[in-house]
Amino acid sequence: MQMEPMLIAGLIEVCRATIAANSDHLCALDRAIGDGDHGTNMRRGCEAVSAEEANLSSLPLPDAVEKIGLTLVMNIGGAAGPLYGTLLMEMGRELRTQEAGGAFPIILKRAIDAVARRGRATAGDKTLLDVLYPVQDALAHRSRLSDIARRAELSANDTAPMKAMRGRAAYLGDRSIGHVDPGASSCALLTVAICRYLEENRPE
Amino acid sequence: MQMEPMLIAGLIEVCRATIAANSDHLCALDRAIGDGDHGTNMRRGCEAVSAEEANLSSLPLPDAVEKIGLTLVMNIGGAAGPLYGTLLMEMGRELRTQEAGGAFPIILKRAIDAVARRGRATAGDKTLLDVLYPVQDALAHRSRLSDIARRAELSANDTAPMKAMRGRAAYLGDRSIGHVDPGASSCALLTVAICRYLEENRPE
Amino acid sequence: MKKFMNTAETMAAESVEGFVRAHETFVVFGADKRCVRRRHLLPGKVAVISGGGAGHEPMHIGFVGQGMLDAACVGHVFTSPTPSQIISAIEETDSGNGCLLIVKNYDGDIMNFEMAMEMAAGRHDIATVIVADDIETARVGEGHGRRGVAGTLVVEKLLGAAAEQGMPLQALKQLGDGLSARIRSMGVALNGVTVPHTQRTTFALGAGEMEVGIGIHGEPGHSRQPFAASDAIVHQLCETIVGDIAVQPGAKALLFVNGLGGTPPAELYLAYNAARRFMEKQGIAIERSLVGTYVTSLDMQGLSITLALLTAEELQLWDFPVMTAALRWS
Amino acid sequence: MKKFMNTAETMAAESVEGFVRAHETFVVFGADKRCVRRRHLLPGKVAVISGGGAGHEPMHIGFVGQGMLDAACVGHVFTSPTPSQIISAIEETDSGNGCLLIVKNYDGDIMNFEMAMEMAAGRHDIATVIVADDIETARVGEGHGRRGVAGTLVVEKLLGAAAEQGMPLQALKQLGDGLSARIRSMGVALNGVTVPHTQRTTFALGAGEMEVGIGIHGEPGHSRQPFAASDAIVHQLCETIVGDIAVQPGAKALLFVNGLGGTPPAELYLAYNAARRFMEKQGIAIERSLVGTYVTSLDMQGLSITLALLTAEELQLWDFPVMTAALRWS
Ligand SMILES: Nc1ncnc2c1ncn2[C@@H]1O[C@H](COP(=O)(O)OP(=O)(O)O)[C@@H](O)[C@H]1O
Ligand SMILES: Nc1ncnc2c1ncn2[C@@H]1O[C@H](COP(=O)(O)OP(=O)(O)O)[C@@H](O)[C@H]1O
Ligand SMILES: [Mg+2]
Ligand SMILES: [Mg+2]
Ligand SMILES: [Mg+2]
Ligand SMILES: [Mg+2]
């Protein structure tokens with residue numbers, strides 16, 4: 001999987017647009033079991049990354065990815081900032097150490113583990129991890145892009161029956177059951193958008 | 001007009017009952033152009049007088065009337081306390097100085113003037129004075145009790161088109177127009193009740 | 001209407017009792033709970049006394065203590081205290097140097113304090129300062145005067161400090177009377193309030209409405225207007241205030257943004273920010289500031305802005321140590 | 001939803017700006033307004049820093065000043081500040097004696113402070129105290145801990161006083177960690193709040209409902225119950241608190257009734273009155289009291305009750321002079 005500056009710019013834009021279009025929906029999900037700001041938080045982060053896009057495109061891929069993570073951390077705040085930020089910062093660092101290409105599923109796995117450590121969370125806690133791990137799994141099994149996207153969507157929906165063990169939703173205990181986790185939802189939306197973009201702009 | 005302890009007790013009870021029955025209505029009137037407490041204030045005053053009834057009946061009439069006034073002042077607060085209190089305190093004092101009977105319209109006139117001084121108000125200011133003065137006038141013209149009662153009711157209604165110049169309602173300026181003044185209304189209700197009671201218990 | 005209360009009848013009394021218990025190191029109930037007074041009276045000073053209906057907390061009980069009031073009387077909700085309460089406060093705090101009564105310009109307050117003064121006059125030397133800082137009412141009634149609202153805090157602070165420093169009664173009265181031309185307040189409400197006894201709101205506002213020129217008794221204000229952005233609201237209040245008060249070049253002022261009970265500190269600070277900009281644009285030097293919930297109208301959502309043009313001496317009185325529940329500095 | 005605001009995006013920033021201007025004698029913005037800090041830092045002491053989302057004012061900026069915090073970071077509404085803000089606060093206030101970060105136990109706050117600490121670790125000596133005083137949540141989640149709510153004020157006051165008196169970093173951390181078992185809070189809301197960005201309430205309550213066990217981010221609480229008389233509500237909160245904290249015979253305590261933003265002082269004092277009676281019946285000596293609006297959830301109508309069991313030394317730290325916007329005594 002060979003990334004190019006054009007591709008980075010495209011992905012940044014596709015993520016920004018996806019979040020912008022779904023910001024209200026994500027806030028609504030967060031209102032049900034959290035504090036109602038997840039859409040706003042994600043939008044602020046994506047806009048900050050977009051604003052940096054010119055600088056980012058000139059960087060080597062690992063640096064660009066790490067920088068995107070740092071930009072998210074330094075602009076989002078809340079829970080989403082450190083979580084999405086750690087994901088990308090770790091991914092950038094892993095990309096840098098594992099210069100040889102091809103090991104992306106492993107890189108992603110390590111980045112997701114870093115997110116789990118940051119959040120002191122595990123799979124099943126009703127968080128974005130419950131989308132990230134299945135997506136990584138699909139990737140590791142060389143699923144098609146459309147299947148990865150589908151897996152992300154299903155996984156987000158699968159958070160509904162879970163009882164939240166981390167984040168604000170955990171304060172609700174059993175009352176968190178029956179609602180889709182906002183972080184899982186944003187993660188699925190982004191995964192779907194990225195898969196679709198890659199599908200359409202497949203570098204072959 | 002010869003007052004007897006029984007009559008005093010009866011009047012106290014009739015006033016208390018009238019205010020109790022109309023307390024919500026008086027609060028509603030006060031909500032429209034004041035702060036919504038006139039019924040509550042009057043009820044508190046009447047209940048305090050009722051509680052004192054045993055002591056009052058043993059006093060000579062002027063003392064009893066003055067004491068009723070003082071009890072109103074010391075228990076009502078707000079605007080109504082000093083106004084109704086002054087009315088009865090002055091009436092008691094006048095009754096004492098003018099020992100000879102028969103001059104009740106003059107006694108009442110002096111007491112009403114004291115109320116006007118206390119409130120720095122005059123007829124036409126949209127206050128209880130706009131019931132008190134017409135009632136005194138009817139009394140001076142030796143109207144029948146039922147006519148006095150009717151005059152009180154009409155006078156209270158006549159405060160509706162007036163613009164308030166005193167009391168909280170004055171802060172509303174033209175917006176006070178179109179509402180019956182709560183103090184005028186309580187005054188009319190009491191007058192009607194007293195007239196009816198005297199009619200039924202006419203000491204003849 | 002949801003309030004933390006048990007019964008409407010006992011609400012004011014329970015609240016005052018909680019207040020006294022929370023601040024028992026420096027306040028105490030007077031006899032029969034007719035007033036709340038300083039625990040440690042300072043002999044030799046003029047007693048400074050105020051009072052009013054309940055529903056305006058922390059005013060006035062929150063201003064009882066060193067450097068401000070010696071006693072405060074609380075009436076029923078939105079109802080002036082009775083003369084018996086006021087007489088009690090006078091008797092408990094007058095150390096022979098006279099009493100200054102600070103009275104908000106409402107007919108009910110005026111009449112009750114006046115009757116108390118008449119009844120106590122033989123035994124006590126008493127003077128009265130009437131606070132009438134509200135801006136809107138002067139335009140409405142003809143000559144019956146303005147209401148006393150949040151500016152009362154400023155008058156009580158300055159006179160309390162002067163009394164604590166030994167100023168005699170007549171000088172205090174003169175100082176108080178002189179302040180009235182230089183303190184102006186104006187308020188806006190985003191909702192009406194529910195009087196506990198009646199369980200009904202005093203006036204109802206739609207989602208897009210606000211009531212401008214309100215007082216502190218839940219009475220409707222001067223005009224109903226479409227709800228607007230904070231800066232527009234603040235601008236209107238400030239413009240009216242500045243248009244009504246004689247601002248000399250080089251004027252020094254205290255700017256006070258007061259919450260009416262249901263408005264949180266964050267919004268008050270946001271409004272203060274705009275008010276301060278406005279005043280400074282007018283060439284008024286804001287030398288002192290106060291932002292908070294001090295003079296309330298039950299749980300009314302809304303605020304008032306007070307501008308007090310003060311002399312250097314008056315600013316010093318503002319700075320003078322105060323040790324009360326609501327204002328405290330040294 | 002009617003709020004004094006201009007735009008949702010600028011609300012928090014405008015409010016903080018108003019705050020800084022109103023209190024400019026003792027607070028000042030840090031670089032790029034990333035934090036609010038003491039104007040006059042005291043060299044030689046450990047820097048005490050806190051922060052959190054906006055919407056809880058006056059916490060934490062209202063606690064910046066002599067005897068309490070050296071700096072506070074404000075995030076967006078209900079959103080933890082970013083590591084860049086926290087790092088900025090550390091850099092501006094660390095005089096070489098280390099920094100104590102006081103963090104409320106929310107995953108967002110914990111993670112942002114943690115990342116800041118990792119990023120600044122090389123250049124600064126940093127310790128963290130986590131405040132987790134909320135009572136309800138421990139019953140719910142399994143072991144992920146309680147929320148940090150109004151008890152944060154108590155922790156910040158005591159640690160701020162100790163730092164001002166020269167206590168070194170590790171001793172401060174020990175003191176702070178030791179407090180956590182002895183401070184408990186529980187809150188109740190009478191309405192949900194509207195987050196300005198979304199213009200929607202976080203949860204909706206009917207006229208006869210209340211939400212018990214709420215935090216301060218507008219999130220729903222532990223259970224929805226029928227609205228009740230104040231004494232019944234206070235009784236439930238107090239009973240839960242006392243059942244959750246190890247009260248020794250002869251225990252001395254601070255009792256703190258906190259308004260959540262839309263509840264007026266009179267109601268808070270009424271609730272305090274009942275809480276105090278309850279605690280004293282349990283044999284707990286209420287040695288200090290605090291009643292007021294300090295730790296808010298935007299304009300939420302509601303309150304929380306905090307009980308802090310304190311040693312004689314800790315009571316002295318509470319009494320130690322403090323000079324901030326929200327707490328001030330000497
Ligand atoms: N400790 C945690 N570990 C992993 N994910 C978490 C954790 N806490 C929260 N999240 C995720 O973050 C999402 C909420 O993000 P957001 O609303 O932006 O932050 P906040 O909760 O601070 O308002 C949750 O839906 C969940 O997916
Ligand atoms: N200055 C005044 N002179 C004469 N009557 C007045 C004056 N002020 C108020 N009133 C009367 O008092 C009534 C209001 O009484 P009430 O509601 O009990 O007191 P408050 O206005 O203090 O709440 C008014 O309706 C009016 O009739
Ligand atoms: Mg959220
Ligand atoms: Mg009234
Ligand atoms: Mg009244
Ligand atoms: Mg948040």
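Chain naming here is simple, since letters A, B, ... match the order of the sequence lines and numbering starts at 1 in each. Because the structure is a prediction, the values reported are computed rather than measured.
One distance of note links CD1 of C:I233 with CE of D:M5; it measures 11.5 Å at 0.5 Å rounding. Rounding to the nearest 0.5 angstrom, the gap separating the CD1 atom in C:I286 from the CD atom in D:E24 is 10.0 Å. If you take OG on D:S330 and CZ on C:R328, they are separated by 9.0 Å, rounding to the nearest 0.5 Å. One finds the OH atom of C:Y269 at 16.0 Å from the CD atom of D:E14 (value rounded to the nearest 0.5 Å).
Within the 4.5 angstrom heavy-atom criterion, only backbone atoms of C:A207 (N, CA, C, O) approach chain D. D:L190 touches chain C through backbone and side chain together, each having a heavy atom under 4.5 Å away. Residue contact with chain C, scored on non-hydrogen atoms closer than 4.5 Å, involves the backbone and the side chain of D:A266 alike. If you measure heavy-atom distances from D:R276 to chain C, the contacts under 4.5 Å come from the side chain alone. Using a 4.5 Å cut-off between heavy atoms, D:M11 contacts chain C through both its backbone and its side chain. At a 4.5 Å heavy-atom cutoff, the contact between C:F19 and chain D is made by backbone and side-chain atoms alike. Interface remark: C:A325 contributes side-chain atoms only to the contact with chain D (heavy atom separation under 4.5 Å).
Using a distance-only test at 3.5 Å, with no hydrogens or angles considered, no donor-acceptor pair links the side chain of D:K2 to the main chain of C:A189.
Listed here is the closest heavy atom pair of D:K3 and C:F227: O-CZ, 3.2 Å. Closest non-hydrogen pair, C:L270 versus D:N6, comes out as CD2-ND2, 4.0 Å.
Contact annotation: the side chain of C:E267 never approaches that of D:E57 to less than 4.5 Å [non-hydrogen atoms, C-beta and beyond]. Residues D:S15 and C:N273 fail the side-chain proximity criterion, which asks for heavy atoms closer than 4.5 Å. Under the 4.5 Å side-chain criterion, counting only non-hydrogen atoms from C-beta, C:T263 is in contact with D:F4.
Contacts from residues 299-306 of chain C to chain D, taken as heavy-atom pairs separated by less than 4.5 Å, involve C:D299, C:Q301, C:G302, C:L303 in sequence order.
Under the 4.0 Å criterion applied to side-chain N and carboxylate O atoms, D:E280 and C:R21 are assigned as salt-bridge partners. By the 4.0 Å N-to-carboxylate-O rule, D:R277 lies close enough to C:E17 to be salt-bridged with it.
Between C:Y272 and D:H23, the ring centre distance reaches or exceeds 6.0 Å.
Comparing D:L290, D:T296, D:D231, D:N191 by heavy-atom pairs within less than 4.5 Å of chain C, the highest count is held by D:D231.
Atom NZ of D:K252 has 12 or fewer neighbouring heavy atoms from other residues, nucleotides or ligands inside a 6.0 Å radius.
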